[in-house]
Amino acid sequence: MNYDVGQIANQFQISGDYLNAVPYGTGHINDTFLITCNEADCEIRYVFQRINHSIFKDPPRVMENIVRATSHIQHKLKSSDVSDTSRRVLTVVPTINGMSYHQDPEANYWRCLLFIEGTLAFDVLETPEQAHKAAKAFGQFQCYLADLPEPALTETIPDFHNTPKRLQTFLQVLDKDPCDRACDAADEIGFVLKHASMCDVLIELFNNGQIPERVTHNDTKINNVLFDKKTQEGICVIDLDTVMPGLSLYDFGDMVRTATCQAAEDERDLSRIEMDIQFFEQLARGYTSETAGFLTDAEKEHLAFAGKLITFEQMIRFLTDHLSGDIYYKIHRPGHNLDRTRTQMKLVQSIMDQEDEMNKLTENILNTLA
Ligand code: ADP
Ligand code: GN1
Ligand code: MG
């Protein structure tokens with residue numbers, strides 16, 4: 001769809017004159033644009049995003065969450081001795097009316113963020129050290145938000161990581177098979193049915209009080225952390241639409257899913273899909289270096305399991321969308337969600353094959369920290 005982003009940019013308190021807008025990033029949900037403005041012959045850049053309101057049903061509440069979380073982190077950074085605070089947390093640029101979003105005449109919701117210069121985002125990591133740095137950034141993000149004052153953040157997508165509900169929805173769609181696609185996905189459907197019992201594990205630990213609810217990011221896909229080009233540090237956690245109450249293990253699990261595999265989420269050559277234990281080790285080291293002080297025993301014991309569960313959950317989500325006719329995730333070719341399903345299935349299998357080793361690793365790492 002075409003949008004007059006220049007017109008929308010005029011609604012925000014941006015500096016300089018609007019020059020141009022280009023589509024940006026590889027996200028599956030929102031529409032992201034990079035805007036360039038000119039002020040006294042200097043380029044100033046912003047990120048504009050159209051919030052996908054068929055997925056986020058209440059964009060004003062999404063923005064309220066984001067403003068609360070980013071203001072809290074900004075406040076913490078300012079009272080610490082770190083430099084560069086405006087590059088370490090997103091800054092929401094207000095509209096000319098002082099709002100955090102603008103609603104256009106077609107009822108689309110738009111937001112504007114400062115573009116964080118001198119950074120890179122990766123869909124696939126290049127080195128285990130990057131996994132360490134990304135996990136440290138996500139761990140630190142959880143720490144910063146651990147004392148966010150009441151009231152609780154709004155649940156922007158209810159039951160987002162409720163894996164048993166994701167399974168239920170899958171079974172309902174499978175039953176109807178509305179696009180007659182189940183016949184192409186027999187192996188994948190069989191895999192979900194065979195391993196379905198893992199879906200209940202974290203929710204049961206939560207219900208038993210062994211795992212607490214925390215403020216979590218819930219979408220810790222690896223391209224949601226920006227790396228500083230000079231220092232290589234994981235400098236800023238972005239894509240904050242799903243920051244809300246959740247389990248810390250959802251965040252660690254999604255890091256395992258996206259940071260330990262050396263191929264893209266939609267890779268068709270499945271021989272390239274494997275959980276790389278070196279990346280996993282660095283991920284666990286980076287994450288626990290920030291969070292070991294507050295994680296409960298049950299959280300620590302389920303780090304590897306969370307990687308398996310969240311990858312399985314993602315497999316279920318992609319497969320459900322394939323069977324439903326591709327209504328949730330953006331697709332760029334026919335069968336795209338089925339390709340994505342297959343990479344996730346292969347990755348779950350690879351995690352299962354290495355789960356004992358992963359558990360030994362996390363235990364050793366935590367022992368050395370204790
Ligand atoms: P989506 O929800 O579609 O994944 P994101 O908020 O993750 O959208 O943005 C998409 C991409 O745009 C990111 O992966 C990153 O490359 C880039 N990006 C987003 N926000 C910023 C920012 N403030 N500064 C620099 N790059 C950004
Ligand atoms: C979506 O927006 P993006 O691309 O960062 C999705 C995540 C999935 C991910 C799979 C709100 O994330 O939950 O894990 O795709 N976001 C939402 O790539 O559903
Ligand atoms: Mg993103």
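One-based numbering, in listed order, for ligands and for the atoms of each.
- Residue side and main chain included, Asn223 places no N/O/S atom under 2.8 Å of the Mg ion (ligand 3).
- For atom 13 (O) of ligand 2, the nearest non-hydrogen atom from the set His28, Arg317, Glu313, Lys221 belongs to Arg317.
- A cation-pi arrangement is not found for Arg111 relative to Tyr101, the charged atom failing to lie both closer than 6.0 Å to the ring centre and inside a 45° cone about the ring normal.
- Set against the non-hydrogen atoms of Gly27, the atoms of ligand 2 under 4.0 Å away are 4 (O).
- Between the side chain of Thr85 and the backbone N or O of Lys78 there is no donor-acceptor pair closer than 3.5 Å.
- In this structure, Phe48 and Tyr46 have perpendicular ring planes: the angle between them is above 60°, well past the 30° mark.
- Against a heavy-atom cut-off of under 4.0 Å, Phe56 is close to the following atoms of ligand 2: 11 (C).
- Every atom of ligand 1 is numbered from 1 in the order shown, and the set under 4.0 Å from a heavy atom of Asn224 is 7 (O).
- Remark: ligand 1 atoms within the under-4.0 Å shell around heavy atoms of Gly27 are 1 (P), 3 (O), 4 (O).
- Here's the thing with Asn223: one of its N/O atoms is less than 3.5 angstrom from an N/O atom of ligand 1.
- Remark: minimum distance from atom 2 (O) of ligand 2 to any protein heavy atom is reached at Ile29 CG1, 3.3 Å.
- Listed by number with element, the atoms of ligand 2 under 4.0 angstrom from any heavy atom of Asn224 are 5 (O).
- In this structure, Asn224 contributes its side chain and Asp219 its backbone to a donor-acceptor pair below 3.5 Å.
- Residue-to-ligand polar distances keep His28 apart from ligand 1: every N/O pair is separated by 3.5 Å or more.
- A donor and an acceptor atom, one from each side chain of Asp123 and Thr26, are located under 3.5 Å apart.
- Closest protein heavy atom to atom 17 (C) of ligand 2: Tyr328 OH, 3.4 Å.
- In this structure a side-chain-to-backbone donor-acceptor pair under 3.5 Å is missing from Lys308 to Ser350.
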Working note: His195 + Phe191, criterion ring pair (Phe, Tyr, Trp, His ring centres under 6.0 Å); need CA distance, chi angles, decisive distance, verdict. CA-CA 6 Å; His195 298 290; Phe191 188 90; 4.5 Å; yes
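- Of all protein heavy atoms, the one closest to atom 12 (O) of ligand 2 is Asp219 OD2, 3.3 Å.
- Near Arg257, with a cut-off below 4.0 Å to any heavy atom, the atoms of ligand 2 are 10 (C), 14 (O), 18 (O).
- In summary, the side chains of Asn38 and Glu43 do not present any donor paired with an acceptor at a separation below 3.5 Å, with no hydrogens or angles considered.
- A distance of 6.0 Å or more separates the ring centres of Phe12 and Trp110.
- Scanning the protein for heavy atoms near atom 8 (C) of ligand 2, the closest one is Gln314 OE1, 3.3 Å.
- Atoms of ligand 1 found under 4.0 Å from any heavy atom of Leu114 (numbered from 1 in listed order, with element): 22 (C), 23 (N).
- Ion pairing between a basic and an acidic side chain is recognised when a charged N comes within 4.0 Å of a carboxylate O; Arg181 and Asp184 show no such pairing.
- Within Asp239, the N, O or S atom lying nearest to the Mg ion (ligand 3) carries the name OD2.
- The closest non-hydrogen atom to atom 18 (O) of ligand 2, taken over Glu265, Lys330, Gln344, comes from Glu265.
- The distance criterion of under 3.5 Å between nitrogen or oxygen atoms is met by Asp239 with respect to ligand 1.
- Set against the non-hydrogen atoms of Ala121, the atoms of ligand 1 under 4.0 Å away are 16 (O).
- Proximity of Thr32 to ligand 1, defined as any heavy-atom pair under 4.0 Å, is confined to the side chain (atoms from C-beta onward).
- The ligand atoms of ligand 2 that sit less than 4.0 angstrom from a heavy atom of Tyr329 are 15 (O).
- Of the heavy atoms in Ile116, both backbone and side-chain atoms come closer than 4.0 Å to ligand 1.
- Between Phe141 and His217, the gap from one ring centroid to the other is short of 6.0 Å.
- Look at Asp219 and you'll find every heavy atom at least 4.0 Å from all atoms of ligand 1.
- In this structure a side-chain-to-backbone donor-acceptor pair under 3.5 Å is present from Glu299 to Thr296.
- Residue contacts with ligand 1 include Gln49, since one or more of its heavy atoms lies under 4.0 Å from the ligand.
- Donor-acceptor pairing under 3.5 Å is recorded for the side chains of Asn218 and Thr216.
- Contact atoms of ligand 1 toward Leu90: 23 (N) (distance under 4.0 Å to a heavy atom of the residue).
- To the nearest 0.5 angstrom, Glu233 atom CD is 11.5 Å from Leu226 atom CG.
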